[in-house]
Protein chains: 2
Amino acid sequence: MITLTERQSLILKAIVRDYTEGGNPVGSKSLVEELPMKVSSATIRNEMARLEDLGLIVKTHLSSGRIPSIKGYRYYVDHILTPEKVDNRDLKVIQHSLGGEFHKIDEIVAQSADILSQLTSYTTFTLRPELKDSRLSGFRLVPLGNHQVMAILVTNNGDVENQTFTIPNDLSGDELEPVVRFIDDQLIGLPLQDVLAKLQQEIPLKLSHYLQDPDGFLDIFGSVLSKAASERFYVGGKLNLFNYTSLQDPKEMRSLYSLLDQTDNLANVIGSPGQHIQVRIGNEITNDLLKDYSLITATYDVDQHGQGIIALLGPTAMPYSRMIGLMGAFQRELARKLLDYYRYFDE
Amino acid sequence: MITLTERQSLILKAIVRDYTEGGNPVGSKSLVEELPMKVSSATIRNEMARLEDLGLIVKTHLSSGRIPSIKGYRYYVDHILTPEKVDNRDLKVIQHSLGGEFHKIDEIVAQSADILSQLTSYTTFTLRPELKDSRLSGFRLVPLGNHQVMAILVTNNGDVENQTFTIPNDLSGDELEPVVRFIDDQLIGLPLQDVLAKLQQEIPLKLSHYLQDPDGFLDIFGSVLSKAASERFYVGGKLNLFNYTSLQDPKEMRSLYSLLDQTDNLANVIGSPGQHIQVRIGNEITNDLLKDYSLITATYDVDQHGQGIIALLGPTAMPYSRMIGLMGAFQRELARKLLDYYRYFDE
DNA sequence: TTTAGCACTTAACTTAATGGAGTGCTAACA
DNA sequence: TGTTAGCACTCCATTAAGTTAAGTGCTAAA
């Protein structure tokens with residue numbers, strides 16, 4: 001367990017700030033002017049040597065200034081930093097852009113990713129509140145003619161999922177009705193997870209009373225259901241990658257970029273953060289492609305509607321205190337907006 | 001009007017080929033070995049000087065080898081090149097990947113963009129056949145409970161478009177039925193364009209017999225309708241940009257990339273190509289961001305179902321003959337597949 | 001018309017020189 | 001014991017100079 005003196009702490013803080021703002025290694029002389037106490041550059045050099053021994057700062061070459069190491073950022077984030085109060089203008093932007101009327105949760109969540117990336121110039125990820133508590137509240141089969149049927153699934157949270165299928169023989173609404181009614185009787189009100197489970201056990205058997213070939217129908221129902229139960233990260237500010245990356249090689253650039261495109265893979269990268277705002281720096285991120293970046297993740301709580309996730313990817317040299325402040329604001333504002341949205345369907 | 005001698009033509013052809021394959025300016029000595037006739041490098045130098053006078057090739061500096069100019073590529077494409085027969089393996093790939101079963105036209109069109117970009121390592125754009133001949137074949141309003149209604153629109157080509165709306169007061173199916181029936185009577189069978197037109201004229205008046213407040217309903221219907229009538233390019237191989245661009249500056253990279261993201265803007269860039277395969281090179285493309293690239297565009301015909309567009313963006317130094325061959329193959333295969341698809345709904 | 005020969009140009013690479021920023025260490029000082 | 005001034009040292013970045021290889025245009029002869 002590392003403990004720093006007051007002065008060492010101030011020096012580390014100043015190094016992190018300078019490097020984050022200017023992007024250049026920080027030397028002892030420039031620190032003399034910035035530190036609140038009156039000490040010579042030699043003294044600072046001595047302290048810096050100690051910070052280096054502790055592994056908190058490193059040199060880029062033998063006689064260069066210092067930059068924070070991963071460990072240094074870590075210490076800074078854990079013990080020195082205080083979250084910055086969100087700028088009033090930023091807060092206005094957030095509230096205004098979430099203030100409009102939305103027809104889908106996904107729109108709200110996607111919009112959040114966009115705003116956050118706009119405010120930070122980094123790349124952001126958002127995940128809607130978990131669906132595990134969602135319940136099936138309605139199922140429809142709408143014959144469209146021409147061998148097509150649309151299956152629609154509604155949850156108690158107002159989520160609507162639909163898919164169109166091509167079927168060998170046209171069906172009339174009358175033929176479909178008993179099946180839909182059966183589904184309604186048996187499954188409405190159950191959590192989606194349970195519906196998925198039942199779908200593999202008792203339902204096929206019972207359904208065979210109503211339909212000669214229940215398999216086709218079950219495929220359809222299952223397909224919409226799993227689409228509704230799937231969880232997808234929204235990515236905002238993908239293009240911002242160009243701002244903060246130091247990569248030159250187009251090949252690496254490409255593979256990084258395509259990582260951001262594989263939204264189904266992002267869950268592995270981001271994981272499930274705890275209650276508080278979590279910062280992972282450099283190689284603390286499990287994915288090798290991101291070992292030179294930092295990832296800030298946080299959950300947000302929407303009462304009994306479960307938790308969602310917001311995340312922020314940027315350079316290791318990012319203004320952590322401002323970013324953490326912003327994440328906090330988003331936690332609150334997004335939760336509030338969604339609570340508002342859900343209330344509409346709870347009535 | 002430029003006319004080249006047989007020998008000049010062969011030299012230009014060789015320069016284009018060499019530069020396209022190797023990426024380096026081509027000198028007179030290396031051409032000696034490649035040309036089918038027996039001439040010295042000095043002779044080739046003389047010919048090259050003439051080609052340069054004509055503006056077909058240029059030097060990168062006073063004593064460098066030559067590279068084709070825009071005008072040179074133009075001449076090559078117009079007078080020298082012969083489309084390459086499509087590799088059998090490539091044809092298999094195309095046919096196989098379009099061979100599967102699709103539930104939506106958009107899936108086929110998007111898939112085509114992906115395959116073509118995969119085969120070429122460039123970026124591709126595809127547009128589905130024009131909708132102008134599509135006719136409205138069905139309209140549904142499905143109440144979902146919780147203040148939500150889904151509007152579904154079906155065309156005679158099997159296109160399905162849907163959108164969910166939040167409405168102030170819940171409506172039952174019974175209330176909606178006369179409205180839907182009215183729409184069916186008045187509008188089914190008409191081309192979408194005509195439907196759009198009528199929607200702004202006679203319909204609102206007549207509809208007021210059935211509904212107290214037709215405006216809300218018309219908004220809904222109009223919204224789905226315009227969604228169905230909107231034409232969107234699919235973009236394939238966006239990431240391939242990293243392969244063929246020579247840009248270093250992340251800022252330019254970014255603006256180029258975001259051009260590809262604005263799918264609604266692409267129509268301006270791509271235009272409406274004529275019957276044949278059209279090649280635009282460098283500054284022949286109207287968009288300034290693309291002045292260092294080449295764009296190959298072509299239409300494909302699906303009989304009475306209208307025309308679609310495929311396009312290919314790559315470096316000016318691209319193997320035109322192979323690319324034009326591939327575009328030809330796609331014209332045929334995509335048209336065939338779509339004809340097949342439509343036939344299903346024509347029955 | 002073609003060709004050999006040659007002087008000339010340029011990019012790309014290597015090497016050397018210089019200045020500046022920063023460090024660690026030593027010795028003196030409070 | 002902690003702090004400071006001074007100094008030798010290191011490394012990067014930039015500039016300058018030199019070298020090589022590829023390629024050209026031009027001239028004069030075949």
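Order of the sequence lines fixes the chain letters, A, B, ..., with proteins taken first and strands second; residue numbering starts at 1 for each chain.
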Enumerate all atom pairs, one protein N or O and one N or O from nucleotides 15-18 of chain C, separated by less than 3.5 Å.
none

Atom pairs, protein N/O to nucleotides 4-6 of chain D N/O, distance under 3.5 Å:
residue, atom, partner, partner atom, Å
D:dT4, OP2, A:Ser40, N, 2.9
D:dT4, OP2, A:Ser40, OG, 3.3
D:dT4, OP2, A:Thr43, OG1, 2.4
D:dT4, O5', A:Ser40, OG, 3.4
D:dG6, O6, A:Arg45, NH2, 3.3

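Between A:Tyr257 and B:Tyr257, the ring planes are tilted. Angles from 30° to 60° get that label.
In this structure, the CZ atom of A:Arg50 is 14 Å from the C1' atom of C:dC25, given to the nearest Å. At whole-Å resolution of the value, CD1 in B:Ile44 and P in C:dT1 are 17 Å apart. Put simply, CD1 on A:Ile11 is 11 Å from P on C:dT23, counting in whole angstrom units. Between A:Met48 atom CE and C:dC25 atom P the separation is 15 Å, expressed in whole Å. Rounded to an integer number of Å, the gap from CE of A:Met37 to C1' of D:dG2 is 14 Å. Across the protein-nucleic acid pair, B:Tyr19 atom OH and D:dG23 atom C1' stand 16 Å apart, rounded to whole Å. C:dA11 atom C1' lies 12 Å from atom CG of B:Asn24, rounded to whole Å. Rounded to an integer number of Å, the gap from B:Glu33 CD to D:dG23 P is 11 Å.
In the region residues 51-70 of chain B, proximity to DNA chain D at under 4.0 angstrom, judged on heavy atoms, holds for B:Glu52, B:Lys59, B:Ser63, B:Ser64, B:Gly65, B:Arg66.
With ring centers used as reference points, B:Tyr122 lies under 6.0 Å from B:Tyr244.
Each side chain to side chain donor-acceptor pair (under 3.5 Å) pair with one or both residues in residues 262-273 of chain B, not counting sequence neighbours, appears once here: B:Arg232-B:Thr263, B:Gln262-B:Asn265, B:Asn265-B:Asn268. Residue pairs that meet the side chain to side chain donor-acceptor pair (under 3.5 Å) test with at least one member in residues 55-65 of chain A, sequence neighbours left out, are A:Thr60-A:Ser64.
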inquiry  = Please evaluate residues A:Glu252 and A:Leu247 with respect to the criterion side chain to side chain contact (heavy atoms under 4.5 Å, CB included), reporting the C-alpha separation (whole Å), side-chain torsions for both, the decisive distance (0.1 Å), and the verdict.
reply    = CA-CA 7 Å; A:Glu252 292 184 83; A:Leu247 288 182; 3.7 Å; yes

request  = Could you check A:Tyr76 against A:Ile281 for side chain to side chain contact (heavy atoms under 4.5 Å, CB included), going step by step and ending with a plain yes or no?
outcome  = CA-CA 11 Å; A:Tyr76 169 76; A:Ile281 301 154; over 6 Å; no

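Evaluation of the salt bridge (Lys or Arg N to Asp or Glu O under 4.0 Å) rule for B:Asp87 yields no partner, not counting sequence neighbours.
Between B:Ile57 and the choices B:Leu12, B:Ile67, B:Ile11, B:Val16, the side chain to side chain contact (heavy atoms under 4.5 Å, CB included) rule is met once, by B:Leu12.
Ion pair B:Glu284/B:Lys291 not flagged as a salt bridge, since none of the NZ, NE, NH1 or NH2 atoms sits closer than 4.0 Å to an Asp/Glu carboxylate oxygen. A salt bridge does not link B:Arg254 to B:Asp261: none of the charged nitrogens lies less than 4.0 Å from a carboxylate oxygen. Looking at A:Lys71 and A:Asp78, no side-chain N of the basic residue comes within less than 4.0 Å of a carboxylate O on the acidic one, giving no salt bridge.
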